[in-house]
Amino acid sequence: MKTLSNINASSISDAVAAAQQALGNGQSIAFSGGGTDLLQQIKDGTDRSDVIINLRNVTDASQITSNGSGTAIGGLITLTDLSGSDVSAVLAEAAASVGTPQIRNVATLSGNVTQRPWCWYYRNGFNCYKAGGNECFSVVGENQQHAIFGGGPSFIVHPSDVAPALVALNASFVVSGPAGERSLSAQEFFVLPSQNPQQENVLAPGELLSGVNIPSAPSNTVSTYHKIMDREAWTHAEVSVAAVLTLAGNRVEAASIVLGGVATIPWKLDAVESFLVGKELTEAVVREAGALAVADAQPLTKNGHKVPMTSAAVERTLMSLASV
Ligand SMILES: Cc1cc2nc3c(=O)[nH]c(=O)nc-3n(C[C@H](O)[C@H](O)[C@H](O)COP(=O)(O)OP(=O)(O)OC[C@H]3O[C@@H](n4cnc5c(N)ncnc54)[C@H](O)[C@@H]3O)c2cc1C
Ligand code: SF4
């Protein structure tokens with residue numbers, strides 16, 4: 001393992017300044033929230049930063065504050081605190097679904113959203129696109145858990161459980177860096193591998209995700225997060241569905257549905273959303289919605305099972321909201 005140094009930041013501005021100074025000295029940096037992913041990256045050599053900027057002591061970015069127009073959530077909030085919050089069911093359930101209680105007690109919202117891919121080739125030292133190389137080993141290799149949407153040239157699945165919930169809630173992402181603060185929509189924050197095969201988001205060196213803002217929703221809004229895994233607990237999604245519906249009785253007034261575990265970014269189902277608006281949530285309608293959800297799926301050689309799994313997950317998630 002290489003030698004690295006650690007800086008304990010006490011505020012977001014302190015962290016940005018420390019990053020700027022290290023980068024100015026020609027050193028590479030990584031921010032650490034709970035460190036539950038970063039430590040693994042350091043051990044397996046996918047992160048070779050010179051300086052770790054530890055955000056654990058940052059106290060100005062772990063609160064939830066609400067006003068008439070929405071809710072601001074600090075990026076350093078732990079997943080345990082997020083899962084116990086009453087901001088939105090879909091967000092609390094997504095946070096509660098991550099890993100183990102021990103992980104959730106230290107892992108942060110920002111670290112969850114910015115965690116790196118868990119593709120076994122990348123994590124085991126293969127020099128693929130994500131590692132700066134110019135090939136993807138999963139295309140002709142072991143791709144059982146890879147993407148059926150948004151793939152090429154890398155076919156990772158975006159690993160975050162919290163990200164699909166945030167996208168479904170139409171959250172904006174607050175990024176802090178040397179030029180100050182900027183706010184981005186999910187469409188602007190997450191990037192497809194065709195846009196940048198090495199990164200999953202637009203963060204530039206020295207920039208960090210400091211929080212998210214969630215707009216207020218009508219009072220007749222319901223939401224939920226359903227996650228299917230390849231074992232009973234403590235792992236990433238094989239398929240997940242974040243659904244936010246505004247309902248008048250059982251009729252859909254507005255729908256926001258985002259998939260996790262099956263695409264290179266949180267995957268918004270625009271066509272399904274449009275299809276649902278104005279319809280009653282009957283069994284026939286949710287079945288059609290499930291079929292529509294996978295109409296554009298492009299499975300690889302060994303992950304075809306994700307297609308029926310995804311349509312069934314969409315059906316089941318919608319049906320669970322119909323009975324609320
Ligand atoms: C056994 C196990 C099971 C897991 N299961 C799940 C699961 O079910 N679902 C899931 O989503 N994840 C899972 N994870 C992955 C990971 O541990 C969690 O996603 C966790 O939420 C990461 O948060 P963290 O604060 O510990 O991130 P860290 O490890 O601190 O950081 C993760 C990455 O984000 C960067 N980073 C951290 N904070 C910031 C910031 N504020 N701005 C910009 N970059 C930042 C780091 O440099 C690093 O590259 C699992 C991990 C393990 C080891
Ligand atoms: S899917 Fe992405 S991370 Fe995995 S081998 Fe291909 S390029 Fe690398």
Side-chain angles (χ1 to χ4, degrees), residues 9 12 15-16 19 28-43 46-47 49 52-56 58 61 74-80 82 94-100 102-143 145-147 151-165 173-177 193 197-201 203-211 227 229 231 233-238 240 260-261 264 300:
I12 292 291
V16 169
S28 54
I29 65 115
F31 294 107
S32 177
T36 60
D37 171 31
L38 184 63
L39 274 181
Q40 191 59 48
Q41 291 182 53
I42 292 169
K43 278 192 212 156
T46 50
D47 189 292
S49 299
I52 304 304
I53 299 173
N54 180 10
L55 305 173
R56 287 293 292 282
V58 171
L76 273 298
I77 190 169
T78 64
L79 298 183
T80 295
L82 194 58
S97 80
V98 173
T100 63
Q102 291 87 343
I103 287 174
R104 295 193 294 275
N105 283 343
V106 292
T108 60
L109 178 156
S110 290
N112 186 272
V113 170
T114 57
Q115 64 180 289
R116 297 309 314 278
W118 290 77
C119 169
W120 39 63
Y121 293 107
Y122 173 58
R123 293 275 172 160
N124 283 292
F126 285 75
N127 188 33
C128 66
Y129 288 110
K130 288 286 171 198
N134 59 6
E135 63 186 303
C136 173
F137 298 92
S138 77
V139 177
V140 291
E142 299 304 316
N143 53 40
Q145 292 181 316
H146 288 70
S154 164
F155 290 83
I156 61 140
V157 287
H158 196 281
S160 168
D161 278 306
V162 173
F173 294 74
V174 183
V175 170
S176 300
Q198 282 185 38
Q199 284 191 207
E200 297 74 57
N201 57 57
L203 290 176
E207 282 190 327
L208 62 91
L209 178 63
S210 49
K227 174 174 174 181
M229 295 170 277
R231 53 181 186 262
W234 300 357
T235 189
H236 290 90
E238 190 76 21
S240 69
T264 51
L300 298 164

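All values below come from the heavy atoms of this structure, side chains included, with hydrogens, waters and symmetry mates left out. Just so you know, ligand 1 is whichever comes first in the structure, and atom 1 is the first atom listed for that ligand.
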Engineer: Mind checking whether His236 and Trp118 have parallel, tilted or perpendicular rings, split at 30° and 60°?
Structural biologist: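 It falls in the tilted class, 30° to 60°.
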Engineer: Keeping the roles fixed (side chain from Asn143, backbone from Ser138), state whether a donor-acceptor pair exists under 3.5 Å.
Structural biologist: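 The answer is yes, because a donor-acceptor pair under 3.5 Å joins these two groups.
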Engineer: Out of all atoms in ligand 2, which are within 4.0 Å of some heavy atom of Tyr122? Include the element for each.
Structural biologist: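 In order of number, 3 (S).
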Engineer: Under 4.0 Å, heavy atoms only, figure out whether ligand 1 is touched by the backbone of Leu79, its side chain, both or neither.
Structural biologist: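 Side chain only.
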Engineer: State the atoms of ligand 2, each with its element, that fall below the 4.0 Å cut-off from a heavy-atom position in Cys128.
Structural biologist: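 With Cys128 as reference, the close atoms of ligand 2 come out as 3 (S), 5 (S), 7 (S), 8 (Fe).
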Engineer: Could you list the atoms of ligand 1 found under 4.0 angstrom from a heavy atom of Pro159?
Structural biologist: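 Listed by number with element, the hits are 10 (C), 11 (O).
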Engineer: Considering heavy atoms of the protein only, find what lies nearest to atom 31 (O) of ligand 1 and give residue, atom and distance to 0.1 Å.
Structural biologist: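 Here the nearest protein heavy atom works out to Gly111 CA, 4.0 Å.
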Engineer: Would you mind telling me if ligand 2 is within reach of the side chain of Cys119, the backbone, both or neither, using heavy atoms under 4.0 Å?
Structural biologist: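 Near ligand 2, Cys119 shows its side chain, while the N, CA, C and O stay back.
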Engineer: Number the atoms of ligand 1 from 1 as they appear, then name those within less than 4.0 Å of a heavy atom of Ser32, with their elements.
Structural biologist: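 Listed by number with element: 30 (O).
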Engineer: Under 2.8 Å from atom 4 (Fe) of ligand 2, can any N, O or S atom of His146 be found?
Structural biologist: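 Under 2.8 Å: His146 has no N, O or S contact with atom 4 (Fe) of ligand 2.
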Engineer: Any idea which atoms of ligand 1 are less than 4.0 Å away from a heavy-atom of Ser160?
Structural biologist: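 Heavy-atom distances to Ser160 below 4.0 Å select 11 (O).
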Engineer: Quick check on contacts: which atoms of ligand 2 are under 4.0 angstrom from a heavy atom of Ser138?
Structural biologist: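 Near Ser138, the atoms of ligand 2 are 1 (S), 5 (S), 6 (Fe).
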Engineer: Counting heavy atoms only, which part of Gln40 comes closer than 4.0 Å to ligand 1: side chain, backbone, both or neither?
Structural biologist: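 No part of Gln40 comes within reach of ligand 1.
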Engineer: For ligand 1, is there an atom lying under 4.0 Å from some heavy atom of Gly75?
Structural biologist: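 It does not; every heavy atom stays at 4.0 Å or beyond.
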Engineer: Which one of Ser110, Ala95, Gly33 has a non-hydrogen atom at the shortest distance from atom 40 (C) of ligand 1?
Structural biologist: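 Closest candidate by heavy-atom distance is Ser110.
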Engineer: Relative to the ring of His146, is the ring of Tyr121 parallel (under 30°), tilted (30 to 60°) or perpendicular (over 60°)?
Structural biologist: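 Judged by the thresholds at 30° and 60°, the geometry between Tyr121 and His146 is tilted.
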Engineer: Which residue supplies the protein heavy atom nearest to atom 6 (Fe) of ligand 2, what is that atom called, and how far is it?
Structural biologist: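 The closest heavy atom on the protein side is Cys136 SG, 2.3 Å.
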Engineer: Is Val162 touching ligand 1 with its side chain, its backbone, both, or neither, if touching means heavy atoms under 4.0 Å apart?
Structural biologist: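 None of Val162 does.
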Engineer: Which option, Tyr121, Trp118, Phe155, Trp120, owns the non-hydrogen atom nearest atom 5 (S) of ligand 2?
Structural biologist: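 Ranked by closest heavy atom to atom 5 (S) of ligand 2, first place is Tyr121.
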Engineer: Which atoms of ligand 1 sit under 4.0 Å from any heavy atom of Leu203?
Structural biologist: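 Those atoms are 43 (C).
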Engineer: Could you identify the single nearest non-hydrogen protein atom to atom 34 (O) of ligand 1 and state the distance to 0.1 Å?
Structural biologist: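 Heavy-atom neighbour on the protein nearest atom 34 (O) of ligand 1: Thr114 OG1, 2.8 Å.
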Engineer: Is it true that some N/O/S atom of Ser154, main chain or side chain, lies under 2.8 Å from atom 2 (Fe) of ligand 2?
Structural biologist: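 Looking at Ser154, which is the residue asked about, there is an N, O or S atom under 2.8 Å from atom 2 (Fe) of ligand 2.
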Engineer: Heavy-atom contacts with Lys130 under 4.0 Å: which atoms of ligand 2 show up? List them by number with element.
Structural biologist: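 Contacts of ligand 2 toward Lys130, numbered from 1: 2 (Fe), 3 (S).
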Engineer: For atom 49 (O) of ligand 1, what's the nearest protein heavy-atom neighbour? Residue, atom name and distance, please.
Structural biologist: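 Among all protein heavy atoms, the one nearest atom 49 (O) of ligand 1 is Gln41 NE2, 3.1 Å.
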Engineer: Leu55 heavy atoms, cut-off 4.0 Å: which ligand 1 atoms fall inside?
Structural biologist: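 By the 4.0 Å cutoff, the relevant atoms are 41 (N).
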Engineer: For ligand 1, is any non-hydrogen atom under 4.0 Å from Ile103's backbone (N, CA, C, O), its side chain (CB onward), both, or neither?
Structural biologist: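 It is the side chain that gets close, since no backbone atom is under 4.0 Å.
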Engineer: Taking the non-hydrogen atoms of Lys227, is any one of them nearer than 4.0 angstrom to ligand 1?
Structural biologist: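 Judged by the 4.0 Å heavy-atom criterion, Lys227 does count as contacting ligand 1.
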